[in-house]
2 protein chains.
Amino acid sequence: MENENKKILLVEDDPNFGSILKDYLILNDFDVTLAKNGMEGFEKFKKDTFDLCILDVMMPYKDGYTLAKEIREKNKEVPIIFLTAKSMKDDVLKGYKVGADDYLNKPFDSEVLLMKIKAIIQRKSSEVKADATKFEFIIGNFHLNSKLRFLTYKDTEPIKLSPKENELLKMLAVYENDLMPRELALTKIWRDDNYFTSRSMDVYIAKLRKYLKMDDEVEILNIHGEGFRLVVKNKPPAPAAE
Amino acid sequence: MENENKKILLVEDDPNFGSILKDYLILNDFDVTLAKNGMEGFEKFKKDTFDLCILDVMMPYKDGYTLAKEIREKNKEVPIIFLTAKSMKDDVLKGYKVGADDYLNKPFDSEVLLMKIKAIIQRKSSEVKADATKFEFIIGNFHLNSKLRFLTYKDTEPIKLSPKENELLKMLAVYENDLMPRELALTKIWRDDNYFTSRSMDVYIAKLRKYLKMDDEVEILNIHGEGFRLVVKNKPPAPAAE
DNA sequence: TAACATATTAACCAAACATTAACAACAAAA
DNA sequence: TTTTGTTGTTAATGTTTGGTTAATATGTTA
């Protein structure tokens, strides 16, 4: 089973909910460690290596955010999912700033959680390339250097990219041929997800489309309500993911 | 209490342990039938319908595995939990092969058992859609990618699906060749089950039928008053997968 | 054959997206 | 210190998409 040996650190103070969720994840072939508060969570985090952390936000002794911050200090990569109470919408933002990969309102659909876990783990595993170290991308006949922020088409003069253009195109490239969720780009690049940042992002998509127009094998497609997809046609067979 | 009317078949040869466990489960609002060996267990199994079976592995006359196999022949769905002696780790595998949902080493923590029971029963009740996290489906000559929301017929241009079209087709695919209850789709996808959402769903069924028309091996049938059924004729010999 | 369930097409409205342009903030250059 | 340029946000406007409801069949069951 594909989830096997993926280690999850689950930090949840409600013992009932915690162990049920744990069982559910175990049934789905994850290797789960349960901690019942932030203190214990951090202890367990230090003692092992996890592929994913699921943190309840409201906990005694040490809340989810604080724990997340500590975890981040130790490890900048490990994906974090927050579980928050339905009401507190603001918390979401606060969570993202700490570098959460996702959040879920309680009560939530267990399937949704599974989906998010899968998506995150899959992404992380293919994101090695996205890791700050990588800054060169081949996009069809383009070459993107995201460190020097320019985009070159074949042998023509490089196009200078603004910081936002650059980050957005880079993120699209990381998700090449796959869905780049709108929400993700907004929270990661714009650091806020609201009506206006969303309009702003549309503007940048339009700018990028203009640049990419010269190569008709490259295209940015919209998936209504979900996000965008950078498609590159005639791409070699693809490494047959998984 | 939520456990009420959940029927458990408990097969355990040790009369002391058996009746204590039985009482414990009854205290937790389960409806428990106790059998003291595999023979008796199978007799009782045939006479009633259970939501869960808890089988001791080592028993005279008919051991737990043999019983489990017989039960599986009669019923492929009912969850089975094995109780095994602490030592025999190998048994675990053997148990899973019979289709056990879980196992517990004796002696075990009664609360752990309760938790497992809960988790299993909950899972079973929502497992039909077990693969809801999957997002690629083969439907006859079609290929559905429910993450990117498109449907491809052979090598033709992909058809873009709207969120509702996509979710509905996905649910049909999960229930392939089986009944997809109308009510389920309405509550899951439309989040409401009333006259209007029901009409709306009909509209979507019509849309999907139009898409699927190009392959005459694929068809959405209605089961009057019950729901719909996505039938795929001449299903290929099965990709041997799994 | 009434009552009800399903089928199909079309009309409509709201939300999401696309694109260009105006503008504000700020920095670099003259 | 003006001037010029770059960057990003907001506005204005138009287009597309998605979902519900309506209108009008046809089927199914008791």
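All heavy atoms count here, side chains included; hydrogens, waters and symmetry mates do not. Proteins get letters first, then strands, A, B, ... in listed order; numbering begins at 1 in each.
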Counting primed atoms, P, OP1 and OP2 as sugar-phosphate and everything else as base, the B/S/- map of nucleotides 3-9 of chain C against protein heavy atoms under 4.0 Å is --SBSBB
For A:Lys164 and C:dC26, what is the distance between atoms NZ and C1' respectively, to the nearest whole Å? 14 Å
Sugar-phosphate only, base, or nothing, as touched by A:Ser200 at under 4.0 Å among non-hydrogen atoms: base
By ring pair (Phe, Tyr, Trp, His ring centres under 6.0 Å), B:Phe45 pairs with (sequence neighbours left out) none
More than 12 heavy atoms from other groups under 6.0 Å of NZ on B:Lys44: yes
If we only count heavy atoms from C-beta on, is the A:Arg229 to A:Ile223 side-chain gap below 4.5 Å? yes
Nearest-0.5 Å distance, [atom1] of residue [X] to [atom2] of residue [Y]:
| X | Y | atom1 | atom2 | answer |
| --- | --- | --- | --- | --- |
| A:Ile189 | A:Leu168 | CD1 | CG | 5.0 Å |
| B:Phe42 | B:Leu9 | CZ | CG | 11.0 Å |
| A:Ile139 | A:Leu172 | CD1 | CG | 8.0 Å |

Sole candidate of A:Arg182, A:Arg209, A:Lys207 that passes salt bridge (charged side-chain N to carboxylate O under 4.0 Å, His left out) when paired with A:Asp202: A:Arg182
So that I can tick it off, tell me whether A:Lys233 and A:Asp215 are bridged by a salt bridge, with the cut-off set at under 4.0 angstrom between side-chain N and carboxylate O. no
Leading and trailing nucleotides of DNA chain D with any atom under 4.0 Å from heavy atoms of chain A: D:dT7 to D:dG18
